[in-house]
Amino acid sequence: FAPADQGGRRAYASDFVGGEGTLAIGRSLQEGGELQYQLFEQEMASKVSGALGQASTELNNLQLEIEAEPDYAKHGQLYAAGTHKIQNKFRKGLIFPKFQGLFDARFGGELERGRMKVAHGVRDSQLSEAKGNRLLFIEQRMDAFQNEPDQVTRKEILRQVHTEVDEGVRTGLWNAAEGAALKIQADNRAEGENLIIESQNIADDLF
């Protein structure tokens with residue numbers, strides 16, 4: 001089992017009669033098997049890390065593709081389908097359930113962070129669209145105010161603008177301070193338009 005200069009000797013056939021040789025061989029095979037298993041574990045763990053790195057790259061690319069999609073209503077569906085494909089692709093290459101589970105556990109955190117990012121992006125897009133629609137309505141009403149000669153109708157238009165601003169504050173499109181600023185802006189614009197009309201009326205009377 002070991003060279004003579006290391007204190008050992010060669011095994012002889014007679015050693016196997018008493019079982020000493022068999023025990024030594026068994027111990028040697030066990031030690032070799034444990035070493036092989038450790039090497040296998042290290043190899044597979046490194047493959048999990050490699051698969052995770054590649055999957056993360058594809059996940060980033062998927063997020064860029066989703067951000068380029070103008071229809072934000074499709075973003076959640078695109079993310080779910082794309083991540084399912086990515087996860088299956090790289091976990092399949094790991095073969096063994098133990099290492100597939102390890103990959104799933106490590107990649108799951110990235111998937112959840114990506115899902116939250118997509119969800120926040122969709123929410124921001126929805127808020128931007130809602131805010132834009134309300135501001136467009138306010139601007140249209142102020143344009144109508146400018147072209148409306150009747151004072152009763154003008155007051156009603158300004159009331160509609162204030163109501164729209166209040167609704168925006170209630171739904172969280174802007175805070176109370178931003179809402180107040182929009183009202184002041186609309187009132188100042190209305191006052192300016194009223195001054196123009198009054199000046200025109202005075203000029204007409206003088207004429």
Which atom pair, heavy atoms only, marks the closest approach of L173 to A130? CD2-CB, 3.8 Å
K89 bridged to E58 by N-O distance under 4.0 Å: yes
Does E139 CD have over 12 foreign heavy atoms under 6.0 Å away? yes
Side chains of residues 105-112: which donor-acceptor partners sit under 3.5 Å, not counting sequence neighbours?
{"from": "R106", "atom 1": "NH1", "to": "S49", "atom 2": "OG", "distance (Å)": "3.2"}
{"from": "E110", "atom 1": "OE1", "to": "S56", "atom 2": "OG", "distance (Å)": "2.9"}
{"from": "E110", "atom 1": "OE2", "to": "S56", "atom 2": "OG", "distance (Å)": "2.7"}
{"from": "E112", "atom 1": "OE1", "to": "R115", "atom 2": "NE", "distance (Å)": "3.2"}
{"from": "E112", "atom 1": "OE2", "to": "R115", "atom 2": "NE", "distance (Å)": "3.4"}
{"from": "E112", "atom 1": "OE2", "to": "R115", "atom 2": "NH2", "distance (Å)": "2.7"}

Residues, nucleotides or ligands: over 12 heavy atoms within 6.0 Å of K183 NZ: yes
Is a donor from one side chain sitting under 3.5 angstrom from an acceptor on the other, for H84 and N88? yes
Determine, step by step, whether R170 and D166 satisfy the side-chain contact (heavy atoms from CB on, under 4.5 Å) criterion, reporting the C-alpha distance in whole Å, the side-chain angles of both residues, the deciding distance to 0.1 Å, and the verdict. CA-CA 6 Å; R170 187 188 69 80; D166 289 338; over 6 Å; no
Which heavy atom in T83 sits nearest to a heavy atom in L59, and how many Å separate them? CG2-CD1, 3.6 Å
Side chain Q100, main chain R91, donor-acceptor under 3.5 Å: yes
Closest approach of R141 and I157, non-hydrogen atoms and distance? O-CG2, 3.1 Å
Has T153 got a side-chain atom pairing as donor or acceptor with P149's backbone, closer than 3.5 angstrom? no
Would you please classify the geometry between the F96 ring and the F40 ring as parallel, tilted or perpendicular, with 30° and 60° separating the classes? perpendicular
So, for A186 and L158, which heavy atoms are closest and what is the spacing to 0.1 Å? O-CD1, 4.2 Å
What pairs with F137 under ring-ring contact (aromatic ring centres under 6.0 Å, His included), at least two apart in sequence or on another chain? none
Provide the full list of salt bridge (Lys or Arg N to Asp or Glu O under 4.0 Å) pairs with a residue in residues 143-152, sequence neighbours left out, each pair given once. D143-R189
Would F90 and I95 show up in the same hydrophobic cluster when neighbours are defined by side-chain heavy atoms closer than 4.5 Å? yes
Can you list the steps and then say if L102 with K98 is a side-chain contact (heavy atoms from CB on, under 4.5 Å)? CA-CA 6 Å; L102 181 60; K98 173 180 178 178; 6.0 Å; no
Quick check for you: to the nearest 0.5 Å, what is the distance between K74 atom NZ and I66 atom CD1? 12.5 Å
Within this structure, what is the CD-CD distance for the pair E164 and Q160, rounded to the nearest 0.5 Å? 9.0 Å
Could you tell me which non-hydrogen atom of A55 sits nearest to which non-hydrogen atom of F103, and how far apart they are? CB-CZ, 4.0 Å
For Q126, I'd like to know if atom CD has over 12 heavy atoms of other residues, nucleotides or ligands within 6.0 Å. yes
Of all heavy-atom pairs linking V118 and Y79, the shortest is CG2-CD1, 3.7 Å
